[in-house]
Amino acid sequence: MDYNNQKILIDDYTILLKQTLWDKQTGIGYLIFEITKKDSKPEIKLNRYGQCIGLGFGEDDRFSIEDTPSGNTKYEYIGDNLYAYISYTVDISRPDDCKIYVFDRKDGDHEDCAKKYSFEIKETTNVKEYKYNSNKIIISPLGMAIENNDKNGNSNEAKMKIVFHLKDGGKKEVLNTTTGLGTKDSGELHRYTKGEGYYNMYQVVFKEMLDIKKIDKIEFNGTVIN
């Protein structure tokens, strides 16, 4: 992970973007915020899963972290410090760089009243890439992007099964759209369609980060690809 250490100081609060991982080729990212308050703990209402049940954190829920269109955030206290763990995906068919924003609603909830602070995310792409027929499979420690350029015009999600063959001789099935593996049981599957040519991009977010150096080859729908 990249030790980012961008921070903003607002009144008694310090909001520090502590660590980031951003794989631009897969469109998958992960980051950690550390939030502190002078002589106190940053305020937040959490459920038992570590999810915020208010508008955000700080006094009167004044702050919120606005990530990308698809993001999941969990919080926890360690001592008096509040940590936010965010995993997110972006549509990689768009060339925009990824940014994360913090909104301060001290002067009002309306968009024109809230102050907006941006954090730049450094690209730290580390991937393996495989090709099979019209498919390109890009694998990062955070997940996979599967590009399909099949021009048959089928708008349904493709049936896909991907198994990693590891260098120690083991195997690890990471995606099976028939059984739901990688789409709901252990991760998320996002699909984008881009204009003419039926360009489809599927993103699979791993539940846990993976050491991709351990991958020897992969198996895609029963075919082994080196």
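Given the structure is predicted, the values throughout are model-derived calculations rather than measurements. Heavy-atom basis, side chains included; hydrogens, waters and symmetry copies ignored.
- I139 and I225 fall within the same hydrophobic cluster, where Ile, Leu, Val, Met, Phe, Trp and Tyr residues are linked whenever their side-chain heavy atoms come under 4.5 Å apart, directly or through other members.
- Taking the side chain to side chain contact (heavy atoms under 4.5 Å, CB included) definition, one finds that D211 meets it with K213, K214, sequence neighbours left out.
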For E219 and H165, run side chain to side chain contact (heavy atoms under 4.5 Å, CB included): C-alpha distance rounded to whole Å, both residues' side-chain angles, the deciding distance at 0.1 Å, then the answer. CA-CA 7 Å; E219 183 180 329; H165 291 238; 3.0 Å; yes
Is there a side chain to side chain donor-acceptor pair (under 3.5 Å) between Y85 and E76 once you walk through the steps? CA-CA 8 Å; Y85 308 101; E76 74 166 343; 2.6 Å; yes
Residue pair F164, I212: steps toward the side chain to side chain contact (heavy atoms under 4.5 Å, CB included) verdict: CA-CA 10 Å; F164 292 166; I212 63 174; over 6 Å; no
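- Proximity of T14 to I35: side-chain heavy atoms (C-beta onward) are nowhere separated by under 4.5 Å.
- Applying the salt bridge (charged side-chain N to carboxylate O under 4.0 Å, His left out) definition to pairs two or more places apart or across chains, those involving residues 122-142 are K136-E147.
- Using a 4.5 Å heavy-atom threshold, the side chains of S40 and D12 count as separate.
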Let me have the donor-acceptor pairs involving side chains of residues 53-63, under 3.5 Å, with sequence neighbours excluded, atom names and distances please.
unit_1, atom_1, unit_2, atom_2, d
D61, OD1, K45, NZ, 3.4
D61, OD2, K45, NZ, 3.4
D61, OD2, L55, N, 3.2
R62, NE, D104, OD1, 3.0
R62, NH1, D11, OD2, 2.9
R62, NH2, D11, OD2, 3.3
R62, NH2, D104, OD1, 3.2
R62, NH2, D104, OD2, 2.8

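- Taking all atoms of both residues into account, the shortest heavy-atom contact from L166 to D216 is C-CB, 4.0 Å.
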Assess the residue pair I218 and N226 against the criterion (side chain to side chain contact (heavy atoms under 4.5 Å, CB included)); give the C-alpha distance rounded to whole Å, side-chain angles, the decisive distance to 0.1 Å, and a yes or no. CA-CA 7 Å; I218 72 169; N226 292 303; over 6 Å; no
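- F220 CZ to I146 CD1: the interatomic distance, rounded to the nearest 0.5 Å, is 6.0 Å.
- The minimum heavy-atom distance linking V127 with S140 is given by the pair CG1-CB, 3.9 Å.
- Taking all atoms of both residues into account, the shortest heavy-atom contact from K159 to T177 is CA-OG1, 3.2 Å.
- I32 and M209 end up in the same hydrophobic cluster when Ile, Leu, Val, Met, Phe, Trp and Tyr side chains are linked at under 4.5 Å.
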Pair F119-F33, ring pair (Phe, Tyr, Trp, His ring centres under 6.0 Å): steps then yes or no: CA-CA 11 Å; F119 293 85; F33 275 95; 5.3 Å; yes
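- Taking the side-chain hydrogen bond (donor to acceptor under 3.5 Å, both in side chains) definition, one finds that S64 meets it with E66, R105, sequence neighbours left out.
- Using a 4.5 Å cut-off on side-chain heavy atoms (C-beta onward), L181 and E173 make contact.
- Contact detail for I28 and W22: the closest heavy-atom pair is O-CE3, 3.6 Å.
- Closest approach of L82 and P42 over heavy atoms only: CB-CG, 4.0 Å.
- Once rounded to the nearest 0.5 Å, the distance linking NZ of K115 with CZ of F103 reads 14.0 Å.
- A single hydrophobic cluster is not seen to contain both L16 and Y13; linkage of ILVMFWY side chains at heavy-atom distances under 4.5 Å, directly or through other members, places them apart.
- Contacts classified as salt bridge (charged side-chain N to carboxylate O under 4.0 Å, His left out) and involving residues 28-39 (residues at least two apart or in different chains) are given here: K37-E43.
- With rounding to the nearest 0.5 Å, the separation of CD1 in I86 from CG in N72 is 10.0 Å.
- Residues that satisfy the side-chain hydrogen bond (donor to acceptor under 3.5 Å, both in side chains) test with Y132, not counting sequence neighbours, are T223.
- Checking side-chain atoms of D23 against main-chain N and O of G27 turns up no donor-acceptor pair under 3.5 Å.
- Note: N135 CG to N221 CG = 7.5 Å, rounded to the nearest 0.5 Å.
- Looking only at side-chain heavy atoms (C-beta outward), I65 and Y101 stay at 4.5 Å or farther from each other.
- A donor-acceptor contact shorter than 3.5 Å is absent between the side chain of D80 and the backbone of K41.
- When all heavy atoms are compared, the tightest approach of I138 to Q25 is CD1-O, 3.8 Å.
- Here NZ of K7 is found 15.0 Å from OH of Y117. Values are rounded to the nearest 0.5 Å.
- Taken together through direct or relayed side-chain contacts under 4.5 Å among Ile, Leu, Val, Met, Phe, Trp and Tyr, Y83 and L9 form parts of separate hydrophobic clusters.
- Note that the CE atom of M144 and the CD1 atom of I137 stand 8.5 Å from one another [nearest 0.5 Å].
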Residue pair V163, V174: steps toward the side chain to side chain contact (heavy atoms under 4.5 Å, CB included) verdict: CA-CA 6 Å; V163 179; V174 293; over 6 Å; no
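- Contact check for L31 versus I121: side-chain heavy atoms found under the 4.5 Å cut-off.
- Using a 4.5 Å heavy-atom cutoff, the side chains of L142 and L210 are not in contact.
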